[in-house]
Amino acid sequence: MSETKYHFKREGNHFNLSSPVQERPSTPVYPKPVKHSIWSRIGSFFGILFSGIMMIFGFLLATPFFILGVLWNWIISFIGLSIFWLLACAVYRVFTNNNNFELEPFNNTSLSILLIISLIVAIMATIGRIRE
């Protein structure tokens with residue numbers, strides 16, 4: 001057995017009981033086609049063009065600051081890694097107790113490796129600082 005639901009509708013000072021069966025419109029309702037004028041299309045074109053120009057201008061403005069930030073972080077990280085490398089070489093010399101050879105902590109290979117590692121660290125630090 002199905003239950004019939006009724007709705008109370010207020011009309012003035014009294015309520016009317018309405019049945020759930022409502023008449024459906026005999027003709028389907030279609031949305032009206034929207035006509036875009038030529039001015040609307042021109043405005044949309046210039047809006048997209050202006051948005052693209054502003055995005056390019058923003059990148060051009062932000063790029064030098066990003067590069068300067070990377071260079072600053074590269075110098076700082078290279079100095080820090082160099083101090084660490086110098087201390088690591090000194091600790092290695094103390095623990096091995098090998099005084100027969102001269103331990104030169106900075107040669108061409110170690111400087112190249114320190115520069116590459118400090119560049120990678122600088123780029124990561126700059127991106128991390130931008131995301132803050």
Side-chain angles (χ1 to χ4, degrees):
M1 182 173 185
S2 67
E3 294 182 18
T4 313
K5 294 184 178 179
Y6 294 97
H7 300 282
F8 292 101
K9 185 176 178 185
R10 182 176 179 167
E11 292 180 357
N13 292 335
H14 61 280
F15 293 95
N16 282 343
L17 189 62
S18 63
S19 67
V21 179
Q22 297 177 359
E23 295 180 16
R24 294 188 178 179
S26 59
T27 58
V29 178
Y30 295 110
K32 290 183 179 181
V34 179
K35 287 187 176 180
H36 295 289
S37 69
I38 188 71
W39 298 110
S40 173
R41 292 177 192 220
I42 290 173
S44 298
F45 171 74
F46 281 117
I48 293 171
L49 184 69
F50 181 72
S51 174
I53 289 172
M54 289 307 291
M55 186 176 66
I56 291 170
F57 182 68
F59 280 120
L60 289 176
L61 187 65
T63 301
F65 293 110
F66 178 77
I67 292 173
L68 286 174
V70 168
L71 286 175
W72 176 253
N73 287 335
W74 194 9
I75 292 168
I76 298 299
S77 63
F78 180 71
I79 291 171
L81 281 173
S82 298
I83 293 171
F84 171 75
W85 185 251
L86 190 64
L87 291 174
C89 286
V91 168
Y92 174 76
R93 186 168 180 156
V94 165
F95 282 128
T96 58
N97 201 11
N98 191 356
N99 293 329
N100 294 336
F101 68 95
E102 283 293 319
L103 181 64
E104 187 177 320
F106 298 110
N107 54 21
N108 288 338
T109 307
S110 66
L111 280 178
S112 300
I113 291 171
L114 285 175
L115 279 172
I116 291 171
I117 291 174
S118 63
L119 177 64
I120 293 170
V121 168
I123 291 172
M124 291 170 55
T126 306
I127 291 172
R129 187 173 292 169
I130 288 173
R131 290 193 175 194
E132 283 181 355

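Both backbone and side-chain heavy atoms feed into the values below; hydrogens, waters and symmetry mates do not. Starting from 1, each residue takes its place in the sequence as its number.
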Is it true that [X] and [Y] fall in one hydrophobic cluster, defined by side-chain heavy atoms closer than 4.5 Å?
{"X": "Leu71", "Y": "Leu115", "answer": "yes"}
{"X": "Ile123", "Y": "Ile67", "answer": "yes"}
{"X": "Leu119", "Y": "Phe66", "answer": "yes"}
{"X": "Leu111", "Y": "Ile117", "answer": "yes"}

Please name all residues satisfying side chain to side chain contact (heavy atoms under 4.5 Å, CB included) with Ile120, sequence neighbours left out, ordered by chain then number. Ile116, Met124

Can you sort out the partners of Ser110 under side-chain hydrogen bond (donor to acceptor under 3.5 Å, both in side chains), two or more places apart, ordered by chain and number? Asn107

Got a sec, which hydrophobics cluster with Ile76, joining ILVMFWY side chains under 4.5 Å apart, including via others? Trp72

Do any pairs count as a side chain to side chain donor-acceptor pair (under 3.5 Å) and have a residue in residues 118-127, sequence neighbours left out, and if so which ones? Asn73-Thr126, Trp74-Ser118

Under 3.5 Å, sequence neighbours excluded: what are the donor-acceptor pairs made by side chains of residues 81-88?
{"residue": "Ser82", "atom": "OG", "partner": "Phe78", "partner atom": "O", "Å": "2.7"}
{"residue": "Trp85", "atom": "NE1", "partner": "Pro105", "partner atom": "O", "Å": "2.7"}

Out of curiosity, Leu68 CG to Thr63 OG1, how far, rounded to the nearest 0.5 Å? 11.0 Å

Report all side-chain donor-acceptor pairs from residues 40-54 shorter than 3.5 Å, counting only partners two or more places apart or in another chain.
{"residue": "Ser44", "atom": "OG", "partner": "Ser40", "partner atom": "O", "Å": "3.0"}

Are more than 12 heavy atoms, taken from residues, nucleotides or ligands other than Phe65, located less than 6.0 Å from that residue's CZ atom? no

